[in-house]
2 protein chains.
Amino acid sequence: MGTTDPASPTRSSGTSRGAALGSDLDTVLDGVLAARRAERTVMSTSADRAARVVREQVVEGHLRSGTRLPEERLAGALGVSRNTLREALSQLVAERILVREPHRGVVVATPEVEDVEDVYRVRRLVETAALARGSHHTPERVAAVAAAVTEGRGAAARGDWDGVASANQHFHRAVVSLAGSPRLDAQMDLLLAEMRLFFHQMGAPERFHRPYLDENGAIADLLAAGERDRSADRLDTYLATAQDQLVAAFRQRA
Amino acid sequence: MGTTDPASPTRSSGTSRGAALGSDLDTVLDGVLAARRAERTVMSTSADRAARVVREQVVEGHLRSGTRLPEERLAGALGVSRNTLREALSQLVAERILVREPHRGVVVATPEVEDVEDVYRVRRLVETAALARGSHHTPERVAAVAAAVTEGRGAAARGDWDGVASANQHFHRAVVSLAGSPRLDAQMDLLLAEMRLFFHQMGAPERFHRPYLDENGAIADLLAAGERDRSADRLDTYLATAQDQLVAAFRQRA
DNA sequence: ACGATAAGGATTGTTCAACAATTCTTCAAT
DNA sequence: ATTGAAGAATTGTTGAACAATCCTTATCGT
């Protein structure tokens with residue numbers, strides 16, 4: 001970006017090697033360094049990779065709530081050492097995907113009714129605020145919300161209930177991203193991962209999401225029309241009923 | 001130390017009814033087990049303790065932004081092994097207090113202007129929502145907000161600027177807790193820890209908080225009077241100006 | 001049979017020592 | 001002064017170990 005960058009490093013020596021362009025060589029080099037660092041952070045350490053695999057297996061439902069994760073066997077399966085695995089597990093415990101019971105090991109979290117209620121408490125606050133008061137609505141972000149709706153409709157049309165569920169997640173993530181905050185986005189990703197635990201816990205009929213498709217559409221329309229408060233209100237009541245439904249299904253199964 | 005349970009008083013708190021049935025007993029025992037598990041999670045593992053120590057040193061300002069944390073020496077200082085320390089560091093990296101640069105080590109995070117802006121983005125959304133739309137306002141929680149104000153006034157009266165800063169944190173944490181959500185509270189604690197990094201980064205004149213004491217008071221009064229929307233509005237503009245001030249101080253020092 | 005209990009096995013929490021890979025430093029050579 | 005290569009330092013990761021704790025099971029007394 002075009003910032004003035006007044007305190008440029010003192011390295012800018014008068015000797016201009018080759019046909020260096022007018023722009024500061026230092027800034028270019030800084031960019032290269034940043035890029036390399038970014039690349040390295042992408043292909044991250046082996047603990048991170050292990051964490052990603054386990055997380056995926058959990059949210060995908062292949063590791064069900066309450067199953068224990070014995071360190072030795074799991075480490076062997078993942079091809080890492082037990083110490084490295086423990087680093088990965090710590091991370092997932094911090095994300096609330098796993099729970100550590102001291103001296104008893106790590107198990108896949110089994111959400112309680114209070115967890116459902118709390119997650120929805122946060123979602124109602126954050127998502128409605130992002131709709132009504134988000135200060136970073138841009139055409140692209142609004143379009144992303146609408147895109148998630150059409151994605152869901154397409155999936156429903158071809159009976160792909162898994163696709164409907166996933167589109168629903170995209171919708172709500174797009175709503176939160178209206179706030180334009182990386183931190184909020186990250187937090188929302190955590191909440192959505194927990195939501196998937198809820199669904200698996202309740203013997204997920206993935207058709208759960210079907211009724212809300214039209215609601216999503218209505219909200220997206222209101223948003224596009226600039227009716228921010230009304231879209232927020234609508235989302236609020238919608239989330240409330242969804243919560244009731246989930247809680248009911250939860251109680252029934254407990 | 002035999003297997004004698006240290007205490008099992010939960011059993012008979014007024015249950016004079018001799019007809020204690022098996023199912024009742026089961027629930028009681030479940031409660032006892034849950035309590036023990038909770039206790040154990042409190043006196044946590046040594047990696048957690050190490051994490052707590054490092055976190056404290058960072059937010060307290062004894063470890064300044066950008067300082068590296070060599071694993072071997074730090075492990076020695078904390079009296080834990082390098083592997084255990086790495087578990088602790090992973091946790092703190094997840095909390096954004098530290099940053100890991102692959103193959104280069106872990107350093108105390110050095111916030112940029114964008115971080116300040118993002119943190120305030122989240123705070124403005126969440127805190128105002130908690131004030132205006134929080135569905136769990138209770139007399140105790142409202143009282144906690146007022147208590148933070150008087151705490152701050154007391155600290156200011158005796159010139160304890162550190163105390164003013166800390167009371168200010170209590171105020172904002174109390175505001176968020178109006179939402180009644182453990183998850184939101186935890187997230188807010190993370191944000192407040194980051195805030196302290198900001199202050200240390202800018203050569204913290206802790207008198208930064210002094211002007212906002214009266215604002216806090218006004219907001220608490222509006223809240224107590226049931227004027228939720230107005231209190232939220234006031235907090236919003238207040239946070240906006242505070243953000244501007246912080247960003248300005250940041251730019252000056254960079 | 002029944003419940004308490006002690007022995008044995010399994011898993012976690014933690015440490016230690018090592019090694020490859022990578023980064024940082026030094027220092028000589030051009 | 002820049003380049004490049006040897007050497008030191010640090011990280012990423014492993015494997016083996018050991019105490020502490022939990023779980024299971026066989027034993028015993030009644």
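Quick caveat, the model's predicted, so the values are computed rather than measured. Residue numbering restarts at 1 for every chain, and letters A, B, ... go by the order of the sequence lines.
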When you check the phosphate oxygens OP1 and OP2 of [N], does a side-chain N or O of [X] lie under 4.0 Å from one of them?
| X | N | value |
| --- | --- | --- |
| T84(B) | dT15(C) | yes |
| T45(A) | dT13(D) | yes |
| S46(B) | dT14(C) | yes |

No-hydrogen, no-angle side-chain donor-acceptor test under 3.5 Å, [X] and [Y]:
| X | Y | answer |
| --- | --- | --- |
| R64(A) | H200(A) | no |
| D185(A) | S177(A) | no |
| R141(B) | H136(B) | no |

To the nearest Å, how far apart are [X] [atom1] and [N] [atom2]?
| X | N | atom1 | atom2 | result |
| --- | --- | --- | --- | --- |
| L98(B) | dT11(D) | CG | P | 13 Å |
| E101(B) | dT10(D) | CD | C1' | 13 Å |
| R49(A) | dT14(D) | CZ | P | 9 Å |
| E72(B) | dA8(D) | CD | C1' | 13 Å |
| E87(A) | dT13(D) | CD | P | 8 Å |
| L74(B) | dT10(D) | CG | P | 13 Å |
| R86(A) | dT14(D) | CZ | P | 15 Å |
| L89(A) | dT12(C) | CG | P | 9 Å |

**OP:** Run the salt-bridge test on R82(A) and E72(A) with the 4.0 Å N-O cut-off and return the result as yes or no.
**Re:** no
What's the closest nucleotide to the [X] side chain, out of [options]?
| X | options | result |
| --- | --- | --- |
| H103(A) | dT22(C), dT21(D), dT15(C) | dT21(D) |
| P70(B) | dT11(D), dT14(C), dT12(C) | dT11(D) |
| N83(B) | dG15(D), dT14(C), dT12(C) | dG15(D) |

Original post:
What about R82(A), does its side chain sit under 3.5 Å from the base of dT14(C) through a donor-acceptor pair?
Top reply: yes
Original post:
So, does T84(B) use its side chain to make a donor-acceptor pair with the main chain of A47(B) at under 3.5 Å?
Top reply: no
Original post:
Where each residue is assigned the nucleotide of DNA chain C containing its nearest heavy atom, which of V80(B) and R73(A) is assigned the position nearer the 5′ end?
Top reply: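 This one resolves to R73(A).
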